[in-house]
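Read the structure below first, then the notes.
A, B, ... follow the sequence lines: proteins, then strands. Residue 1 opens every chain.
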Amino acid sequence: MESIVVNIEGEVIDSSAGGRNTDDILKRLKKINALALKSGDEYFDISSIGEIKGTGEITAVTIDSKEGLGICRHSTSHIMAHAVKDLYPGVKVAIGPSIEDGFYYDFDIDTPFTPEALTAIEKAMQKIIKRNNPFVRKTMSRADAIKLFKDLGEDYKVELLEAIEADEVSLYEEGGFIDLCRGPHVPGTSSIRAFKLLKSSGAYWRGDEKNKMLQRIYGTAFATQEELKKHIEFLDEVKRRDHRRLGRELDLFSIHDDIGAGLILWHPNGAMIRKTIEDFWREEHIKADYKLLYTPHIAKIDLWQKSGHLDFYKENMYTPMDIDGADYEIKPMNCPFHIAVYKSALRSYRDLPIKYAELGTVYRYERSGVLHGLLRVRGFTQDDAHIFCRVDQIESEILDVLDFTIYVLKTFGFEKYDIYLSTRPEKYVGTPENWEIATEALRAALEKKGLKYETDPGEGVFYGPKIDIKVKDSLNRQWQCSTIQVDFNLPKRFSVTYRASDDNEHMPIMIHRALMGSLERFFGILIEHYAGAFPLWLSPVQVSVLTISERQADYAKEIAASLLRAGIRVETDMGDEKINYKIRQSSMKKIPYAVLIGDKEMEARSLTVRKRKGENISFTDIKNLLSFMREEIESRR
RNA sequence: GCCACCGUAGCUCAGUUGGCAGAGCAGCUGAUUUGUAAUCAGCCGGUCGGGGGUUCGAAUCCCUUCGGUGGCUCCA
């Protein structure tokens, strides 16, 4: 008998040594609630322990690992499909994988699932789990499997099978419910300890809108009820931070039916934050030797013909408007304008790099169903820049952009991010040599900075390779903001050149780059990141001055005026409400500081300041408060 | 765009089988002059998203249209 080496929680057990046989090992695995086994990169069911070939070490997979949790969720999706089949016999099952935070399963059913249906399905699942049906793996030929699922009327499984190349396929059966599946699965249904169905929605078969729309149920599963509870609390926190809700509560922005979907109105509070962000952005760009531009919102259609946008970006562009017999398009991008500025003079190799930056407002058609608050809109302002440089300058320019990006993101409290390098796709423009040079320059810059990144092979845009930076917010959610893209297409289409030292015309490399992406989207992310409690430098109102009674009105006015003169954004509340009420109002507006003014302060000409979280600080006079606040504003904490 | 759900006062939401449109908050007025997250009272506020239909009668049922939400596809 071949020996099996199993690593159970760090203890290595050799089944052939020490008189231990596989039964002992199975007992041990059961004791630690192992869900599956791992040998090399492959996963196996625990029941298949006797069939695993090879002498490599086998590891027990428990729910504590990412893989184990994935297996648990996948098995839960099977149980859900089982329950749905029991409750709705006519339903056909499609696919049901585990995903980032849980799992889903798609069903072909005439009547969509209601919230009550989800509760009923949950109950049915509980019963299945209680029965502890074992997950039994079966293998059969592809032809037999096709016949089996044809007989069961499971058309989608048949379609999947027809696309599978292997001759032999595996199936899993649990309590009479049989499903095509690669596995592995948990040993039995009672291995599922904590799960919840979250929502149902429509989803096209295989994600293609030409196909039939199926009904998808999303759910999640965790190792324990506590962890599940924590996850539900997380979802509540996400709801609490929803930028659309906070946007209304804090009077930041609005969207109106009668103005148009996906079009943002920035209210005074939101506008003040945007102005602060823009000021910071402009200052830093000037320091980094970018030249600022302003360009028009519309341009003749010929420009977009020449740029190629009419060919490859038409579905995102609005229909042209007629001006004096010529068609004009509202701009979806700023690039052609920046190129026009570059081309307005002859450029020498000595002039390069030339870096143009613009907060350019663009309009793109987005299908109504994808619009979402500030995060997905139809009109938005990009923090756009285009760098024209020589090939030998790419790497150092990318290095600068990376530094710049990380500095800007950090200023807004984003300390963690994931970086992706996307390489040449199948359809591309430019020469393979140039792609190689540019891609390696991007890679070299990342390596030099010691930045961890993942390569996405073939995920580049057709016009050049790119680096995407996805920030992680305070809830550890990932958002794509920054992007750095090399472009071989536009310089060629517009015959962009510079005069080189060899006295010939050469084509510069063009780099598109956005740090925040769009101001609207970035603002939405910021609202959720800070939960509306912006740091002092960004807060639209930085201080509220609150009086205890009418007696202190004059002193309060004096304090407010001093703050205002010093450039602090201040508001006063001298109404006849109690101080508790005023503090509550101030906190609900998430104003960082409240200056409380009573008789004590008035007599001593001192100040009592209450921070947003309730902490108190005393200042002997207004000068002390001002320098304290200035320091915090300047450090952008 | 597609599927589902939703749209009632500025906001959050009740409104039973079709039978007189409600509450809290906000706003306004008055009283109150208050020390670290809601003082009390009164008042104002609605073509029930728009249009059409069924009905003696529609917020409620049907059709249509606009918008929102969650997904599907794409993306800043």
Presence of A:Lys199 side-chain N/O under 4.0 Å of B:rG71 phosphate oxygens OP1/OP2: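 Checking A:Lys199 against B:rG71: at least one side-chain N or O falls below 4.0 Å of OP1 or OP2.
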Short side-chain N/O contact from A:His372 to OP1 or OP2 of B:rG71, under 4.0 Å: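 No, outside the criterion.
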By nearest atom, which of the nucleotides [options] is closest to the [X] side chain?
X	options	value
A:Ser368	B:rU36, B:rA38, B:rG1	B:rG1
A:Ser587	B:rA37, B:rU33, B:rG70	B:rA37
A:Ser201	B:rU36, B:rG70, B:rU39	B:rG70
A:Asn616	B:rA37, B:rU33, B:rU36	B:rU36
A:Tyr365	B:rU36, B:rC3, B:rG1	B:rG1
A:Arg244	B:rC72, B:rU36, B:rG70	B:rG70
A:Arg248	B:rU39, B:rC72, B:rC11	B:rC11

[M] and [N], which share atom name [atom1], separated by this distance in whole Å:
N	M	atom1	result
B:rG57	B:rC11	C1'	32 Å
B:rG10	B:rG27	C1'	8 Å
B:rC13	B:rC75	C1'	35 Å
B:rG22	B:rC40	P	24 Å
B:rG45	B:rU8	C1'	14 Å
B:rA14	B:rG24	C1'	11 Å
B:rC6	B:rU65	C1'	16 Å
B:rC66	B:rA26	P	38 Å

Contact class for [X] vs. all strands (heavy atom < 4.0 Å): base, sugar-phosphate, or nothing?
X	value
A:Ala261	sugar-phosphate
A:Thr608	base
A:Leu519	nothing
A:Lys582	nothing
A:Glu249	nothing
A:Ile579	sugar-phosphate
A:Arg216	sugar-phosphate

Worked check of salt bridge (Lys or Arg N to Asp or Glu O under 4.0 Å) between A:Arg376 and A:Glu520: CA-CA 9 Å; A:Arg376 196 86 181 142; A:Glu520 284 74 7; over 6 Å; no
Please state how far atom [atom1] in [X] lies from atom [atom2] in [N], giving the value in whole angstrom units.
X	N	atom1	atom2	answer
A:Asp573	B:rA26	CG	P	13 Å
A:Ile99	B:rG71	CD1	P	10 Å
A:Lys239	B:rU69	NZ	C1'	12 Å
A:Glu577	B:rC25	CD	P	12 Å

Reference residue A:Lys92; test salt bridge (Lys or Arg N to Asp or Glu O under 4.0 Å); the match among A:Asp155, A:Asp108, A:Asp106: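 With A:Lys92 as partner, A:Asp155, A:Asp108, A:Asp106 yield a single salt bridge (Lys or Arg N to Asp or Glu O under 4.0 Å), made by A:Asp155.
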Salt-bridge contact A:Arg605-A:Asp621 (side-chain N to carboxylate O under 4.0 Å): no
Side-chain (A:Glu632) to main-chain (A:Phe628) donor-acceptor, under 3.5 angstrom: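 No: the side chain of A:Glu632 does not pair with the backbone of A:Phe628.
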Test item: A:Ser586 side-chain N/O and A:Ile583 main-chain N/O as donor-acceptor pair under 3.5 Å: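 Checked: no pair found.
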Residues that A:Asp418 engages under salt bridge (Lys or Arg N to Asp or Glu O under 4.0 Å), provided they are two or more places apart: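 In terms of salt bridge (Lys or Arg N to Asp or Glu O under 4.0 Å), with neighbours along the sequence ignored, A:Asp418 is linked to A:Lys472.
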Contacts of type salt bridge (Lys or Arg N to Asp or Glu O under 4.0 Å), residue A:Lys578, not counting sequence neighbours: none
Which one is paired to [N], where only Watson-Crick or G-U wobble pairs with both distances under 3.5 angstrom count?
N	result
B:rC13	B:rG22
B:rC75	none
B:rA58	none
B:rA41	B:rU29
B:rU36	none

Pairs flagged by ring pair (Phe, Tyr, Trp, His ring centres under 6.0 Å) wherever residues 235-271 of chain A is involved - sequence neighbours left out: A:His243-A:His372, A:Trp266-A:Phe523
Counterpart residues, side chain to side chain contact (heavy atoms under 4.5 Å, CB included), relative to A:Ser368 (two or more places apart):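 Side chain to side chain contact (heavy atoms under 4.5 Å, CB included) list for A:Ser368, sorted by chain: A:Arg378.
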Side chain to side chain contact (heavy atoms under 4.5 Å, CB included) partners of A:Leu160, counting only residues at least two apart: A:Ile95, A:Lys157, A:Leu180, A:Trp205, A:Arg206
Quiz item: A:Glu601 side-chain donor-acceptor pair to B:rG35 base, under 3.5 Å: yes
Which pairs, protein N/O on one side and nucleotides 73-76 of chain B N/O on the other, fall under 3.5 Å?
{"residue": "B:rU73", "atom": "O2", "partner": "A:Arg367", "partner atom": "NH2", "Å": "3.2"}
{"residue": "B:rC74", "atom": "O2", "partner": "A:Arg376", "partner atom": "NH2", "Å": "3.0"}
{"residue": "B:rC75", "atom": "O2", "partner": "A:Arg376", "partner atom": "NH1", "Å": "2.1"}
{"residue": "B:rC75", "atom": "O2", "partner": "A:Arg376", "partner atom": "NH2", "Å": "3.3"}
{"residue": "B:rA76", "atom": "O2'", "partner": "A:Arg521", "partner atom": "NE", "Å": "3.1"}
{"residue": "B:rA76", "atom": "N7", "partner": "A:Arg376", "partner atom": "NH1", "Å": "3.4"}
{"residue": "B:rA76", "atom": "N6", "partner": "A:Glu366", "partner atom": "OE2", "Å": "2.9"}
{"residue": "B:rA76", "atom": "N6", "partner": "A:Val377", "partner atom": "O", "Å": "3.0"}
{"residue": "B:rA76", "atom": "N1", "partner": "A:Val377", "partner atom": "N", "Å": "3.4"}
{"residue": "B:rA76", "atom": "N3", "partner": "A:Ser518", "partner atom": "OG", "Å": "3.4"}

